[in-house]
Novice: 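I have a structure I would like to understand better, so I am pasting it below and will then ask my questions one at a time.
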Amino acid sequence: MVTLLPAPPARSTVPAAPASAALVPAAAGDPRLRVAPLTPDVHLAHLDGRGDAGFLQYPSWAVVKEAWRSEGIGWYDADGVVVGSALVLYRKMPKVPYWFAYLPEGPVIDWTDPNPQRWLAPLIEHMRTRHVFTVRMGPPLAHRRWQAQTVKDAVKHGLKHLDRVTPDEIDPLGATVALRLGDLGWRASGDGADAQPRYTFELPFQERSLDQVKAGFNQEWKRAIGKAGKAGVDITVGGYEDLPAFFELLRVTERRNGFRLGRELPYYERQFRALNTESAGRMKLYLARFEDRLLAAHTLISAGSRVWYQTGASTDHGRGVRPSHALQWRMIRDVHERGVPVYDMRGVSPVIDPDDRLFGVLRWKLGTNGRVVENLGEWEYPVLPTLHKAFRAYMSIR
């Protein structure tokens with residue numbers, strides 16, 4: 001049972017706009033769009049109406065990212081109808097009255113429009129009113145895809161990185177948008193600079209029964225699911241009160257795998273409250289127990305027609321009964337039952353060297369016979385080129 005808590009506080013105050021920044025409505029029939037703030041309710045209604053936006057663009061994410069100021073903005077057509085939206089996170093640059101603006105996996109606009117400047121020009125003008133020196137956005141588009149078998153074959157042939165592997169698909173829209181952004185003065189943030197995972201893993205469900213999905217799993221996954229079932233691993237959906245136990249498992253996982261996410265328990269508590277207050281069941285915590293001991297816990301986030309596996313954690317003991325495989329199998333079944341077309345298993349590394357520790361997560365996910373997706377990544381626009389250059393220099397030496 002998901003435990004809901006009181007509603008989170010309203011979003012933070014945005015950077016003040018000068019008095020001269022009033023927006024004039026577009027004239028009737030004017031093909032141009034204008035950008036103006038959105039209330040959380042109108043913002044949420046637009047996203048729910050589309051159903052394809054990522055959870056990082058929902059108003060609740062502004063509550064999660066409490067260290068940032070935030071604003072919901074909308075693109076209005078000539079009739080005053082909201083036709084696009086974005087959650088913008090703002091962070092002030094030290095010692096100067098200017099701000100860095102970030103649109104995580106956004107904006108949510110019509111990326112098929114052959115004239116993206118129709119959308120991006122009013123965005124930049126709005127950013128000027130907010131004293132922004134650099135805008136970073138993450139267009140929610142795929143660029144290249146590799147099927148699981150293609151990646152496995154590349155590993156057998158000794159290739160070490162996905163950039164060396166011919167993709168099975170180049171997404172025509174993603175490739176086109178990348179070219180258009182470059183022509184408009186936007187620049188890719190660069191390898192390692194993206195805040196969100198550039199490479200993700202997804203398991204497609206379209207027109208496949210659950211039995212067909214499972215039939216595609218490799219033998220390791222099939223044996224692990226069977227072993228967990230025979231051992232009696234118990235899978236439940238927990239609540240807010242289970243987050244401390246999840247976080248303790250996460251700390252164990254970080255120590256074991258040699259990484260640090262840099263998040264503390266209050267972050268996950270805030271996330272759980274905010275997302276589930278916005279929509280009941282938006283964030284779920286799946287728990288795997290064996291002989292009354294918690295062995296693994298995974299979080300699942302849903303928004304519209306999309307579902308993401310976000311964070312997984314497990315103990316160092318009891319791994320022989322395969323609790324993580326059992327958790328994922330339950331989550332896959334639940335997602336498939338909802339009729340969702342794709343299960344997003346979130347970030348993976350493009351490193352495909354078996355001797356590299358980063359390959360472990362990808363290897364595990366490849367067992368589901370899904371596919372690796374290289375997303376378009378994050379792009380920056382220098383609203384104030386001098387400050388933008390200084391910012392990039394600062395980030396390069398941190």
Novice: Classify the ring geometry of Y199 against H161: parallel below 30°, tilted from 30° to 60°, perpendicular beyond 60°.
Specialist: perpendicular
Novice: Treat each ILVMFWY residue as a node, draw an edge where side-chain heavy atoms are under 4.5 Å apart, and state whether M345 and V340 are in one component.
Specialist: yes
Novice: Quick check: W364 with W221 (ring centres under 6.0 Å apart)?
Specialist: yes
Novice: As a test of understanding, state which of E378, E105, E374 forms a salt bridge (Lys or Arg N to Asp or Glu O under 4.0 Å) with R198.
Specialist: E374
Novice: Salt bridge check: are E380 and R187 linked by an N-O gap of less than 4.0 Å?
Specialist: no
Novice: Got a sec, which pairs hit salt bridge (Lys or Arg N to Asp or Glu O under 4.0 Å) with one end in residues 39-62, sequence neighbours left out?
Specialist: R50-D52
Novice: Would R34 and E125 count as a salt bridge (charged side-chain N to carboxylate O under 4.0 Å, His left out) here? Give the steps.
Specialist: CA-CA 9 Å; R34 66 182 180 91; E125 288 309 306; over 6 Å; no
Novice: Rounded to the nearest 0.5 Å, how far apart are CG of L173 and CH2 of W111?
Specialist: 9.5 Å
Novice: Nearest heavy-atom pair of D113 and R180: which atoms, and what distance?
Specialist: O-NH1, 3.4 Å
Novice: Do Y343 and W308 have ring centres separated by under 6.0 Å?
Specialist: no
Novice: Using 0.5 Å steps for rounding, measure from the CG atom of N276 to the CD atom of Q271.
Specialist: 9.5 Å
Novice: Do W99 and W68 pass the side chain to side chain contact (heavy atoms under 4.5 Å, CB included) test, and can you show the C-alpha distance, the side-chain angles, and the key distance before you say yes or no?
Specialist: CA-CA 11 Å; W99 299 75; W68 297 66; over 6 Å; no
Novice: Report the C-alpha separation of D334 and R330 in whole Å, then their side-chain angles, then the decisive distance to 0.1 Å, and conclude whether the salt bridge (charged side-chain N to carboxylate O under 4.0 Å, His left out) test is met.
Specialist: CA-CA 6 Å; D334 288 356; R330 166 67 184 276; 3.0 Å; yes
Novice: Taking the ring of Y286 and the ring of H298, is the distance between their centroids below 6.0 Å?
Specialist: no
Novice: Going through the checks in order, is the ring pair (Phe, Tyr, Trp, His ring centres under 6.0 Å) test met by W61 and F55?
Specialist: CA-CA 7 Å; W61 200 249; F55 67 92; 5.4 Å; yes
Novice: If you apply the rule salt bridge (charged side-chain N to carboxylate O under 4.0 Å, His left out), what do you find for R251 with E254, and how did you get there?
Specialist: CA-CA 5 Å; R251 295 178 68 180; E254 290 175 335; 6.0 Å; no
Novice: Would T299 and K284 count as a side chain to side chain contact (heavy atoms under 4.5 Å, CB included) if you check the C-alpha gap in whole Å, the side-chain angles of each, and the deciding distance to 0.1 Å?
Specialist: CA-CA 6 Å; T299 59; K284 292 183 178 180; over 6 Å; no
Novice: Among K365, K227, R363, whose salt bridge (Lys or Arg N to Asp or Glu O under 4.0 Å) with E220 holds?
Specialist: R363
